[in-house]
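Counting starts at 1 for both ligands and their atoms, following the listed order.
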Amino acid sequence: MSTMKRLIYILAATTLFLAALLVYAQSDLTGYWVFRVPRNDGTFAESFFELKQEGGLVTGRSIQGTRENPIAEGTIGDGKLHFVINLPGRSGNAGVQVIYEGASAGGGKFSLTSKASAGNQTPRSGSLERSTKEATLPPAPLPLPALHDVPDNGLVRTPPMGWNSWNKFAGRVTAADVRGMADAMVSSGMAKAGYVYVNIDDTWEGQSRDAKGNITTNEKFPDMKGLADYVHSKGLKIGIYSSPGPKTCAGYEASFGHEDQDAKQFAAWGFDYLKYDWCSAGNIYKDDDMQAVYQKMGDALLKSGRPIVYSLCQYGRAEVWKWGGKVGGNAWRTTGDISDRWASLDQIGFGTRVPGQRTQLDIASAMKPGQFNDPDMLEIGNGGMTGDEYRLHMSLWSLLSAPLLAGNDLRTMIDEIKSILMNAEVIAVNQDKAVNPPKKISEQATSVVIAKVLADGSTAVGLFNRGEEPAQISVTWSSLGVTAKSPKVRDLWAQKAVDTSGDSYTATVPKHGVAMVKVSAK
Ligand code: GLA
């Protein structure tokens with residue numbers, strides 16, 4: 001063979017080898033990936049993976065913030081991808097296996113479907129695409145500001161009253177629902193009863209920010225300014241939602257690194273209330289950082305050019321009642337999420353299922369005008385509890401001076417629900433301007449008596465029956481510190497005077513129910 005021919009052979013062989021290497025490299029799954037599942041609002045839910053391919057075997061991990069789970073049974077062959085993730089069970093629930101099946105879709109992407117091995121969740125289908133390390137792993141924390149006391153914004157001297165979209169609509173809420181709710185707030189009499197804020201919770205956000213870094217809306221909320229103007233035209237106020245992390249709890253765009261810009265945007269749209277939900281900030285910051293992180297938005301809201309009620313949502317961690325007011329907070333969640341079930345209401349309201357856990361009463365003295373503990377929004381009217389349970393809900397939230405944010409569909413309320421949400425005498429206990437801390441007067445088995453001294457010197461009393469049978473519950477005037485011989489007693493639910501003689505009041509209280517009276521000197 002001539003030298004020339006030999007050279008050509010070597011060159012051709014090298015080229016072939018390189019080409020084969022390139023093909024292999026292209027089909028190698030090793031690296032970061034994102035599974036994008038389209039939602040019904042033009043955005044995508046994203047979940048991330050780091051994969052490693054060795055021959056036909058695929059290993060790696062799923063990465064959701066700081067939560068990581070190893071990939072099992074991973075294989076690739078003939079363009080078909082298969083792997084499973086074993087999600088550990090939480091709070092006593094069994095774990096689930098999620099099975100992923102993919103097929104090459106060209107352009108280095110896969111069409112992917114995920115399906116849980118148990119439960120009746122519908123399979124999720126979308127596209128598996130290359131990601132970057134930066135997009136996959138939680139970002140580094142931002143530098144935290146030095147702590148200082150954010151000046152009082154002067155808003156909501158009594159607990160905020162209004163409506164919030166989450167309990168009823170969760171991720172399905174649309175601008176049309178919000179308009180409908182503003183209409184119904186007026187037509188149902190809720191506005192007259194004192195409800196004023198119409199608050200949009202999570203899932204209004206767009207997929208990504210615009211070229212200037214401004215947060216955008218998704219297809220469900222095409223015109224935020226128009227929506228805010230509409231709500232204002234009804235004489236009401238409007239609220240919005242975000243998180244100090246990169247993503248909200250529902251996985252939408254949030255305010256991390258854009259705190260000032262977002263506060264200005266919310267003000268420019270015309271918002272009057274912000275719920276700021278920790279969520280993915282927990283992947284970046286420690287609980288000890290919460291005060292500084294929340295302070296940042298407190299300052300940003302004050303500089304936004306609009307009075308905006310600031311509602312902290314971090315589930316009562318890091319003893320928020322001790323510093324929520326210092327960061328400019330008007331309210332701070334003191335518990336995890338409520339749900340429309342007696343067990344949830346009982347646990348959140350009385351908080352004694354976990355031994356040693358602080359109850360709402362234990363931290364009630366942290367409140368003052370403009371600064372309120374928030375045991376979460378109302379479930380009244382959502383259908384999962386009885387009328388007695390909903391009356392107990394309203395009574396307890398009123399004695400606790402909790403924000404009264406209705407969470408039901410105001411357009412379709414039956415009369416009983418209206419009578420619970422709009423009882424003026426119970427609302428007056430909630431809106432009492434003294435914001436005195438409620439106190440436990442007595443507790444016997446499942447009967448609890450809680451009282452709050454009102455600004456006019458009278459005392460509001462709730463006689464609560466947490467038990468499964470009707471109960472006779474009594475309260476003596478002396479236990480309330482009422483010195484008048486025969487004080488005036490008014491039944492707040494019935495809105496009528498009660499004839500009493502003697503030194504106490506006794507009511508027969510239904511299962512999971514309440515009697516509520518106001519006691520005043522004659
Ligand atoms: C958290 C909050 C809820 C609600 C959802 C929205 O769970 O505690 O009140 O805002 O996020 O994703």
Side-chain angles (χ1 to χ4, degrees), residues 37 39-41 43-47 64-65 67 90-91 159-160 162-174 177-178 181 197-207 215 217-218 220-221 238-256 262 266 271 273-283 285 287 290 293-294 297 309-318 320-321 324 329-341 344-345 347-349 351 360 372-380 382 384 393 397 402-408:
V37 178
R39 300 186 183 110
N40 63 357
D41 55 18
T43 66
F44 295 89
E46 294 183 325
S47 25
Q64 215 61 274
R67 252 185 300 146
R90 281 202 278 177
S91 26
W163 175 87
N164 173 292
S165 60
W166 188 255
N167 285 355
K168 174 73 190 174
F169 294 92
R172 297 178 306 279
V173 65
T174 65
D177 294 328
V178 175
M181 235 43 74
Y197 292 97
V198 180
N199 293 350
I200 307 166
D201 206 281
D202 204 351
T203 78
W204 61 267
E205 309 86 345
Q207 183 66 31
I215 196 157
T217 60
N218 64 46
K220 295 189 299 163
F221 290 88
I238 184 164
I240 198 162
Y241 167 101
S242 192
S243 166
K247 297 279 180 209
T248 67
C249 289
Y252 285 71
E253 181 70 14
S255 298
F256 180 77
D262 287 359
F266 300 152
F271 282 97
Y273 192 116
L274 172 68
K275 172 175 170 183
Y276 204 43
D277 193 349
W278 189 241
C279 296
S280 68
N283 297 326
Y285 302 109
D287 276 17
M290 279 181 175
V293 171
Y294 274 97
M297 184 51 91
V309 173
Y310 186 26
S311 161
L312 279 49
C313 176
Q314 39 78 289
Y315 338 114
R317 281 168 35 189
V320 61
W321 52 92
N330 297 110
W332 44 84
R333 277 274 295 278
T334 51
T335 69
D337 288 12
I338 197 168
S339 62
D340 188 20
R341 293 176 296 123
S344 169
L345 172 59
Q347 197 272 324
I348 284 188
Q360 299 305 302
F372 303 98
N373 290 332
D374 174 7
D376 208 359
M377 304 170 291
L378 301 174
E379 289 285 8
I380 296 164
N382 279 333
H393 192 359
W397 265 234
L404 292 181
L405 295 174
N408 59 322

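In this model, no donor atom of one side chain and acceptor atom of the other lie less than 3.5 Å apart for N218 and T43.
Ring geometry for Y294 versus Y276: interplanar angle over 60°, hence perpendicular rather than tilted (30 to 60°).
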N or O contacts of ligand 1 with protein under 3.5 Å, please list pair by pair.
residue  : atom   : partner : partner atom : Å
ligand 1 : 7 (O)  : D337    : OD2          : 2.6
ligand 1 : 8 (O)  : R333    : NH1          : 3.2
ligand 1 : 8 (O)  : R333    : NH2          : 3.3
ligand 1 : 8 (O)  : D337    : OD1          : 2.5
ligand 1 : 8 (O)  : D337    : OD2          : 3.4
ligand 1 : 9 (O)  : K275    : NZ           : 2.8
ligand 1 : 9 (O)  : R333    : NH1          : 3.3
ligand 1 : 10 (O) : D201    : OD1          : 2.6
ligand 1 : 10 (O) : D201    : OD2          : 3.3
ligand 1 : 10 (O) : K275    : NZ           : 2.9
ligand 1 : 10 (O) : D277    : OD2          : 3.4
ligand 1 : 11 (O) : D277    : OD2          : 2.9
ligand 1 : 12 (O) : D202    : OD2          : 2.8

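Partners of R341 under the side chain to side chain contact (heavy atoms under 4.5 Å, CB included) rule, at least two apart in sequence or in another chain, are S339, A343, S344. Residues forming a side-chain hydrogen bond (donor to acceptor under 3.5 Å, both in side chains) with W332 (at least two apart in sequence, or on another chain): N373. Evaluation of the disulfide bond (SG atoms under 2.5 Å apart) rule for C249 yields C279 as partners, not counting sequence neighbours.
Shown are D376, D277, D374; of these, the side-chain hydrogen bond (donor to acceptor under 3.5 Å, both in side chains) with R333 is made only by D376.
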